[in-house]
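A short worksheet on the structure shown next.
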Amino acid sequence: QVQLVESGGGLVLPGDSLRLSCAASGRTFSRYAMGWIRQAPGKEREFVAAINRSGGSTYYADSVKGRFTISRNNAKNTVSLQMNSLKPEDTAVYYCAADPSMVFKLSTATYWGQGTQVTVSS
């Protein structure tokens, strides 16, 4: 079992940066592909970014490509999402999730954090 706790959300201005972190419990963190997913009010969950078990491969939604960077530290059991050039449409609750598959998929993500709110507004 993996427990995930996100942190780093907040209220920022358009164009600002924010870094989200997700701390995982347990000694098997490196066995999970990790992802960030977001959900805006009234909308469905949306894939944002993912990283494979070793950290050697990353994947991004087109809407965040070039602005967001996902990374992980298997020694510290953490996964992060660096968000630059934030836009109002990035406003959402951001969740990290763990998938025991080789490649992260929303449909097979097994463990989820409680989410952290990101609000981008002037």
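If you read the sequence from its start, that first residue is 1, and numbering goes on from there.
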Do Ser30 side-chain atoms and Asn74 backbone N/O form a donor-acceptor pair below 3.5 Å?
no
Around atom CD of Gln117, are there more than 12 heavy atoms of other residues, nucleotides or ligands at under 6.0 Å?
yes
Cation-pi check, Arg19 onto Trp36 ring (under 6.0 Å, within 45° of axis)
no
Quick one: do Asp62 and Lys65 make a salt bridge, cutoff under 4.0 Å?
yes
What closest approach, in Å, do Val120 and Thr91 show between heavy atoms, and which atom pair accounts for it?
N-OG1, 2.9 Å
Might you point out which heavy atoms bring Phe104 and Ala50 nearest each other, and give the distance in Å?
CB-CB, 3.6 Å
Non-hydrogen side-chain atoms of Val118 and Leu20 separated by less than 4.5 Å
yes
Distance from Arg31 atom CZ to Met102 atom CE, nearest 0.5 Å?
13.0 Å
Short question: side chain of Glu6, backbone of Thr116 - any donor-acceptor pair under 3.5 Å?
no
First locate atom CG of Asp16, then atom CG of Leu86, and finally report the distance between them rounded to the nearest 0.5 Å.
7.5 Å
Hey, any chance Leu81 and Leu4 share a hydrophobic cluster, counting ILVMFWY side chains that come within less than 4.5 Å of each other, even indirectly?
yes
Test of understanding: clusters of I, L, V, M, F, W, Y form through side-chain heavy atoms closer than 4.5 Å, transitively. Do Val93 and Leu18 belong to the same one?
no
In terms of heavy-atom contacts, does NZ of Lys76 have more than 12 from other residues, nucleotides or ligands at under 6.0 Å?
no
Between CG on residue Asn73 and OG1 on residue Thr78, distance to nearest 0.5 Å
4.5 Å
Please report the closest heavy-atom contact between Phe47 and Tyr59, naming both atoms and the distance.
CZ-O, 3.8 Å
Is the backbone N or O of Glu46 less than 3.5 Å from a side-chain atom of Arg38, with the two atoms forming a donor-acceptor pair by type?
no
Counting only N and O atoms by type, is there a donor-acceptor contact under 3.5 Å from the side chain of Gln82 to the main-chain atoms of Thr69?
no
With rounding to the nearest 0.5 Å, note down the distance linking OG in Ser71 to CD1 in Ile51.
6.0 Å
Quick one, Phe29 and Met34 - any side-chain contact, counting heavy atoms below 4.5 Å?
yes
Is any side-chain heavy atom of Pro88 less than 4.5 Å from a side-chain heavy atom of Pro14?
yes
Assess the residue pair Ile37 and Leu106 against the criterion (side-chain contact (heavy atoms from CB on, under 4.5 Å)); give the C-alpha distance rounded to whole Å, side-chain angles, the decisive distance to 0.1 Å, and a yes or no.
CA-CA 8 Å; Ile37 300 90; Leu106 206 56; 3.3 Å; yes
Could you measure the distance from the CG atom of Asp90 to the OG atom of Ser63? Nearest 0.5 Å is fine.
7.0 Å
Ignoring hydrogens and angles, tell me if any N or O in the side chain of Arg53 forms a donor-acceptor pair with the backbone of Val103 under 3.5 Å.
no
Does NZ or CZ of Arg72 come closer than 6.0 Å to the centre of the six-membered ring of Tyr32, within 45° of the ring's axis?
no
Note: Pro100 and Thr108 closest approach over all heavy atoms is CD-O, 3.9 Å
Just how far is it from atom CZ of Phe68 to atom OG of Ser17, taken to the nearest 0.5 Å?
9.5 Å
How are the rings of Trp112 and Tyr95 set to each other: parallel, tilted or perpendicular (split at 30° and 60°)?
perpendicular
Expected output: side-chain Asn52 to main-chain Ala33 donor-acceptor under 3.5 Å:
no
Checking Tyr111 side chain against Cys96 main chain: does a donor-acceptor pair fall under 3.5 Å?
no
